[in-house]
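Please read all numbers here as calculations on a predicted model, not as lab measurements.
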Amino acid sequence: MIDDSPAVPLFVRRSDGCPFDPAEEFARFRAEEPVVRVTLSTGASAWMVTRYADARRVVSDQRRFSSRAAVDGPIPPPPPEAGFPPPRPGFFSTYDPREHARVRRMLNAEFGARRVRALRPRIEALADEHVDAMRRSGPPADLVADFALPIPAALFFELLGVPAPDRERLRRSVDTLLDFTPRPLDQAAAFAELDEYMGAFVTRRRRDPGDDLVGRLISSYGQDLSDAEVAGIAAQLLLAGYATTAGTIALGVLLLLRHPGQAASLRDGSADVDRAVEELLRYLSVVSFGKVFTAEEDVTVGGRDIRAGEYVLCSLPSANRDADLGPGTDRFDITREPSPHLAFGHGARYCLGAELARMELRVCVPRLLRRFPTLRLDAPFEKLRFTPMNAAYGLESLPVSW
């Protein structure tokens with residue numbers, strides 16, 4: 001596997017021997033030193049939690065562990081002497097618990113089971129459209145650019161109501177903001193681009209709401225939400241909305257190609273698709289930590305005393321390999337009894353779009369395997385380029401043939 005960066009920080013590091021696995025150090029940390037000090041890519045110091053029970057506690061405890069540092073990107077700088085700026089309007093993940101719950105209630109119906117079931121035909125149509133395009137152009141294909149990325153991206157832009165001609169420019173801004181490599185000027189410009197676009201978009205929707213997520217939000221809650229807050233909500237949803245699903249689809253297909261027996265059982269319908277999806281989510285854990293939290297008071301986690309104001313993050317790939325989740329968690333097995341993994345977080349911070357992501361995986365992965373029964377990797381595995389320095393771990397490209 002190729003890694004062009006001079007060093008991948010420990011808090012996002014994957015195994016040198018197997019890119020699907022967390023780095024080898026994490027097993028030792030869980031056994032001997034479950035909460036360790038790490039340096040973030042901005043130079044800030046943080047405590048990293050590696051065990052399942054500890055991570056679940058931190059992720060779900062909004063009172064003791066706030067998201068207030070996540071104002072200008074996923075990796076905060078050292079705590080500023082003057083304190084953190086106020087939350088960006090609409091970026092509800094950084095709100096205090098009461099305000100966070102208020103916005104979540106407004107959005108629950110948009111990502112609930114009924115809405116997601118209604119989206120299945122559209123997901124199926126998008127998957128078929130991209131499979132047909134791959135067939136027409138013939139092998140080889142790049143499964144990231146031709147399938148894994150465009151399907152969840154198109155679906156999410158459609159949900160928000162963003163016109164097709166505007167999507168590529170917004171995708172570039174999202175890519176910049178999901179990058180863990182400190183690029184302050186580029187990232188500030190990307191935020192400005194996103195703010196400007198979403199602000200104008202919401203102004204138009206305020207005049208003519210339309211039947212999309214932003215329009216329905218304005219129609220239902222427009223008296224309670226300012227334009228800036230609606231724009232921020234849309235921007236946050238976009239940042240969280242499709243990259244993680246794209247990463248899981250691409251990595252999941254690659255993982256299944258490395259386990260042809262399990263791929264065959266998904267292809268012929270003998271495997272339980274829901275179980276397979278949960279195992280892909282748990283085993284791959286493409287979100288390395290979700291948020292960098294700030295301890296709101298002195299607290300002890302995993303035997304480690306953490307002071308108020310210190311940063312804390314949870315290694316989700318490590319937590320999801322913890323033996324507390326059951327035997328053989330380092331083994332990929334789509335027949336495994338589903339476990340309460342943390343790939344989508346937990347509690348009040350459970351991912352709003354979890355059911356949508358599951359539906360996309362249920363549709364896209366088996367459909368691809370069935371439409372291409374001879375699908376195979378078209379490059380040496382060792383030459384593939386992975387993206388550890390990204391909020392959604394994945395592949396730069398995935399050459400395949402059939």
Side-chain angles (χ1 to χ4, degrees), residues 59 90-93 100 103-130 144 147-162 164 167 170-171 174 178 210-217 220 230 233-253 272-282 284-287 290-291 316 338 340-368 391-394:
V59 167
F91 276 65
F92 55 94
S93 68
H100 176 264
V103 177
R104 289 278 301 226
R105 285 193 296 270
M106 296 177 181
L107 292 168
N108 281 339
E110 294 294 334
F111 295 95
R114 178 180 296 181
R115 183 79 69 184
V116 169
R117 283 196 299 271
L119 287 170
R120 179 164 189 142
R122 180 55 183 151
I123 299 170
E124 291 173 340
L126 282 168
D128 286 339
E129 174 186 322
H130 285 82
V144 173
F147 188 82
L149 177 58
I151 294 171
L155 183 70
F156 216 85
F157 281 119
E158 289 176 9
L159 285 178
L160 291 177
V162 174
R167 295 172 187 175
L170 291 182
R171 270 178 51 175
V174 168
L178 295 180
D211 188 25
D212 50 58
L213 188 152
V214 172
R216 289 190 294 270
L217 198 61
S220 299
V230 176
I233 290 169
Q236 178 172 323
L237 291 175
L238 188 59
L239 286 167
Y242 65 83
T244 52
T245 305
T248 305
I249 291 172
L251 281 174
V253 171
D272 184 310
V273 175
D274 290 346
R275 284 195 177 199
V277 165
E278 291 308 307
E279 180 68 349
L280 287 169
L281 291 165
R282 179 200 71 84
L284 295 170
S285 295
V286 302
V287 176
K291 290 282 185 295
L316 303 183
H341 60 74
L342 298 177
F344 290 125
H346 184 69
R349 290 185 172 120
Y350 191 74
C351 176
L352 192 63
E355 292 310 308
L356 178 59
R358 286 186 170 104
M359 181 63 78
E360 292 176 90
L361 290 165
R362 289 184 195 121
V363 169
C364 291
V365 175
R367 215 174 193 84
L368 182 78
Y393 180 60

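Between the CE atom in M359 and the CG atom in L155 there is a gap of 11.0 Å [rounded to 0.5 Å]. In this structure, the separation between CG on L159 and CZ on R216 is 7.5 Å, given to the nearest 0.5 Å. Here the CG atom belonging to L342 is positioned 13.0 Å from the CZ atom belonging to R349, to the nearest 0.5 angstrom. Interatomic distance, H130 NE2 to L149 CG, rounded to the nearest 0.5 Å: 9.0 Å. Atom-to-atom distance recorded for L119:CG and R114:CZ is 13.5 Å, nearest 0.5 angstrom. The CZ atom of R104 sits 4.5 Å away from atom CG of L352, with the distance rounded to the nearest 0.5 Å.
L239 places a side-chain heavy atom less than 4.5 Å from the side chain of F91. Within the 4.5 Å cutoff, the side chain of L238 has no heavy atoms near those of the V162 side chain. Side chains of L237 and L107 form a contact here, defined as non-hydrogen atoms less than 4.5 Å apart. Using a 4.5 Å heavy-atom threshold, the side chains of Y242 and E360 count as separate. Side-chain contact between S220 and M106 is absent, with no heavy-atom pair separated by less than 4.5 Å. When side chains are defined from C-beta on, Y350 does not count as touching V59, because their heavy atoms never get closer than 4.5 Å. The shortest distance between side-chain heavy atoms of R358 and L281 falls below 4.5 Å.
Scanning all heavy atoms of the two residues, the minimum distance from D212 to E158 falls at CB-O, 4.4 Å. C364 and A127 get closest at one heavy-atom pair: SG-CB, 4.3 Å. Heavy atoms only, all atoms of each residue included: P121 and A118 are closest at CD-O, 3.4 Å. Closest of all the heavy-atom pairs between V286 and G247 is CG1-C, 4.2 Å. Closest heavy-atom contact between A234 and V214: CB-CG2, 4.0 Å. In plain terms, the two heavy atoms of G90 and Q236 that are nearest each other are O-OE1, 4.0 Å.
The aromatic rings of F92 and H100 sit tilted, their planes meeting at an angle between 30° and 60°.
Across I249, I123, V273, D274, a single residue satisfies side chain to side chain contact (heavy atoms under 4.5 Å, CB included) together with L361, and that is I249. Checked against F156 for a side chain to side chain contact (heavy atoms under 4.5 Å, CB included), the options L356, V174, L213 give a single hit: L356.
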- Begin with the C-alpha distance, continue with both residues' side-chain angles, and end with the deciding distance and a verdict on side chain to side chain contact (heavy atoms under 4.5 Å, CB included) for F344 and V287. CA-CA 8 Å; F344 290 125; V287 176; over 6 Å; no
- Where do R275 and E279 land on the salt bridge (Lys or Arg N to Asp or Glu O under 4.0 Å) test, with the steps shown first? CA-CA 6 Å; R275 284 195 177 199; E279 180 68 349; over 6 Å; no
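Residues E355 and R115 are not paired through a salt bridge, judged by the lack of any N-O separation under 4.0 Å between the basic side chain and the carboxylate.
In this structure, the side chain of S285 engages the main chain of R282 through a donor-acceptor pair within 3.5 Å.
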